[in-house]
Amino acid sequence: MPKGDNVSFFDLVFEVVRLIPPGRVSSYGAIASYLGSGKSSRMVGWAMNSASSAILNVPAHRVVNRNGLLTGKAHFNPPEMMQKLLENEGMTIENDQIKNFKAVFWDPNIELRL
DNA sequence: GAGGTGACTGCGA
DNA sequence: CTCGCAGCCACCT
């Protein structure tokens with residue numbers, strides 16, 4: 001039971017991930033950086049792991065590593081679902097890597113910059 | 001309470 | 001170009 005923490009680091013991650021528009025993807029580092037911890041990219045990964053238990057729907061398949069590689073696909077059920085969802089949004093995946101990744105990359109630091 | 005792990009990233013050799 | 005190491009923080013045993 002958290003003490004006074006209504007929202008956790010995870011909740012912030014979920015919110016950012018939910019803001020990712022269809023046909024776009026983001027990276028762990030970008031989200032971590034947006035939250036103020038560029039080195040805490042691992043926590044974003046853990047947040048995604050917790051996303052499976054999240055009440056709200058979290059499009060974790062839109063979150064990939066810096067290289068556009070589907071590093072977390074193995075954590076999906078089934079794993080191939082991640083690639084399928086991305087392809088369903090009009091993206092091309094080859095060898096677990098997003099083609100033209102730079103074009104579909106969605107950076108919260110840029111899109112959500114105030 | 002302490003140690004190990006992990007859906008990552010950046011820099012150095 | 002590829003390979004290896006260190007930093008980061010929360011969760012699990």
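Just the heavy atoms: all of them, side chains too, but no hydrogens, waters or symmetry mates, feed the values below. Within every chain, numbering begins at 1; the chains are lettered A, B, ... in the order of the sequence lines, protein sequences first and strands thereafter. Remember, predicted model here, so these are calculated numbers, not experimental data.
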Check your understanding: What distance do Tyr34(A) atom OH and Glu111(A) atom CD have between them, rounded to the nearest 0.5 Å?
Key -> 11.0 Å
Exercise for review: Measure across Pro79(A) and Ala74(A) and return the closest heavy-atom pair with its distance rounded to 0.1 Å.
Suggested key: CB-CA, 4.1 Å
Practice item. Any salt bridge (Lys or Arg N to Asp or Glu O under 4.0 Å) involving residues 80-89 of chain A? Give me the pairs, sequence neighbours left out, ordered by first then second residue. Key: Arg62(A)-Glu89(A)
Exercise for review: Shoot me the first and last contacting nucleotide of DNA chain C against chain A, ordered 5' to 3', at under 4.0 angstrom to non-hydrogen atoms.
Suggested key: dG7(C) to dA10(C)
Revision key, fill the gap. Side chain to side chain donor-acceptor pair (under 3.5 Å) filter on Asp107(A), not counting sequence neighbours, yields Asn109(A)
Study note, to complete from the structure: Heavy-atom nearest pair, Pro108(A) first then Ala30(A), reads CG-O, 3.8 Å
Study note, to complete from the structure: Ordered by number, residues from residues 61-73 of chain A within less than 4.0 Å of DNA chain B (heavy atoms) are Asn65(A), Arg66(A), Thr71(A), Gly72(A)
Under-3.5 Å N/O pairs linking protein and nucleotides 2-6 of chain B:
{"unit_1": "dG6(B)", "atom_1": "N2", "unit_2": "Trp46(A)", "atom_2": "NE1", "d": "2.8"}
{"unit_1": "dG6(B)", "atom_1": "N3", "unit_2": "Trp46(A)", "atom_2": "NE1", "d": "2.8"}

**Study point:** Min side-chain heavy-atom separation Phe9(A)-Trp46(A) under 4.5 Å
**Key:** no
Check your understanding: Which residue lies toward the 5' end of DNA chain C, Ser41(A) or Phe10(A), if each is placed at its nearest nucleotide?
Key -> Ser41(A)
Revision key, fill the gap. Heavy-atom closest pair (Ile20(A) atom, Ser26(A) atom, distance to 0.1 Å) is CD1-CB, 3.7 Å
Exercise for review: Measure the distance from CZ on Phe14(A) to C1' on dA7(B) and round it to the nearest whole Å.
Suggested key: 12 Å
Check your understanding: To the nearest 0.5 Å, how far apart are CD1 in Ile31(A) and CZ in Phe14(A)?
Key -> 11.0 Å
Review point. In residues 78-94 of chain A, what residues come within less than 4.0 Å of DNA chain B, judged by heavy atoms?
Key: none
Atom pairs and distances, donor-acceptor, side-chain atoms in residues 50-61 of chain A, under 3.5 Å, two or more places apart:
none

**Study point:** Residues that Asp96(A) engages under side chain to side chain donor-acceptor pair (under 3.5 Å), provided they are two or more places apart
**Key:** Lys73(A)
Practice item. Not counting sequence neighbours, which residues clear side chain to side chain contact (heavy atoms under 4.5 Å, CB included) with Pro21(A)? List them please. Key: Arg24(A), Trp106(A)
Practice item. Hey, could you give me the CE/CZ distance between Met43(A) and Phe10(A), rounded to the nearest 0.5 Å? Key: 7.0 Å
Point to revise | Hydrophobic cluster of Met82(A), others only, ordered by chain and residue number, side-chain cut-off 4.5 Å | key: Val25(A), Val64(A), Leu70(A), Phe76(A), Met81(A), Leu85(A), Leu86(A), Met91(A), Ile93(A), Ile98(A), Phe101(A), Val104(A), Phe105(A)
